[in-house]
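Here's the structure we're looking at; comments come further down.
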Amino acid sequence: MREEGGQILNFDVLRRKWLVLSPEEWVRQHVLFWLMAQSGWPAELLTVERSVRGSNCRSDVVAYNRLGRKQDALRHREIFSRLEKERKP
């Protein structure tokens, strides 16, 4: 991470660029880290912010299997909701 112009930036290893660390981006980066570091998911089988065919929606994180098929689509609303529930006592 680094600070630039009063904003905190985080390096996204999949997109290979520095991004402003918003709350949404914080969750996305932690999900990616968990998938790669804790679950052993290869970075080359992950995509970030992809359009969903046939709609104007997008997926935040999509994990593909070795055959190139979507393994799981993770939306931040679902993940953020889960994180919020876990934080509350």
Side-chain angles (χ1 to χ4, degrees):
M1 285 199 280
R2 70 181 187 193
E3 188 173 340
E4 188 175 291
Q7 294 182 320
I8 297 173
L9 303 176
N10 188 59
F11 188 74
D12 184 317
V13 296
L14 295 180
R15 292 180 270 186
R16 296 186 176 116
K17 63 181 180 179
W18 290 94
L19 303 168
V20 174
L21 191 60
S22 66
E24 180 181 359
E25 193 59 40
W26 184 90
V27 173
R28 182 182 296 117
Q29 293 303 313
H30 278 76
V31 168
L32 289 172
F33 176 80
W34 181 83
L35 284 169
M36 292 184 289
Q38 301 297 320
S39 297
W41 208 274
E44 62 269 13
L45 296 178
L46 295 169
T47 60
V48 179
E49 292 191 334
R50 286 291 190 140
S51 296
V52 176
R53 247 187 254 170
S55 74
N56 60 355
C57 297
R58 66 171 176 80
S59 291
D60 287 313
V61 176
V62 178
Y64 293 90
N65 63 21
R66 296 258 179 223
L67 300 175
R69 296 190 180 110
K70 288 180 189 175
Q71 194 68 23
D72 197 3
L74 305 172
R75 291 187 176 273
H76 278 274
R77 284 183 291 238
E78 297 165 7
I79 294 168
F80 193 70
S81 175
R82 289 181 201 157
L83 291 173
E84 285 297 312
K85 287 178 186 175
E86 288 178 11
R87 281 188 205 170
K88 294 180 182 176

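Just so it is clear, the structure is predicted and the values come from calculations on it, not from any experiment.
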Checklist entry - Is Arg15 paired with Glu25 through a side-chain N to carboxylate O contact shorter than 4.0 Å? => result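 Arg15 and Glu25: salt-bridged.
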Next on the checklist: I'd like to know whether Val48 forms a side chain to side chain contact (heavy atoms under 4.5 Å, CB included) with Leu32, so could you lay out the CA-CA distance, the side-chain angles of the two residues, the decisive distance to 0.1 Å, and finally the verdict.
Outcome noted: CA-CA 9 Å; Val48 179; Leu32 289 172; 3.8 Å; yes
Next on the checklist: With rounding to the nearest 0.5 angstrom, report the CD to CH2 distance, Gln7 to Trp18.
Outcome noted: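 Result: 13.5 Å between the selected atoms.
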Checklist entry - Do other residues, nucleotides or ligands put more than 12 heavy atoms under 6.0 Å from Arg16 CZ? => result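 Check fails, neighbour count at 12 or below.
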Checklist entry - Which pair of heavy atoms, one from Phe11 and one from Gln29, lies closest together, and at what distance? => result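 Smallest heavy-atom distance, with atoms named: O-OE1, 4.1 Å.
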Checklist entry - Looking only at heavy atoms, which two atoms of Leu46 and Trp41 are closest? And how far apart? => result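 That would be CD2-CD1, 3.5 Å.
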Checklist entry - Among Val31, Leu21, Asn10, Ile8, whose side-chain contact (heavy atoms from CB on, under 4.5 Å) with Trp26 holds? => result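 Testing Trp26 for a side-chain contact (heavy atoms from CB on, under 4.5 Å) against Val31, Leu21, Asn10, Ile8 leaves exactly one candidate, Leu21.
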Checklist entry - Do the ring centers of His30 and Trp34 come within less than 6.0 Å of each other? => result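 No: the rings miss the under 6.0 Å criterion.
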Item to check | Stepwise side chain to side chain contact (heavy atoms under 4.5 Å, CB included) check, Leu19 with Leu9 | outcome: CA-CA 5 Å; Leu19 303 168; Leu9 303 176; over 6 Å; no
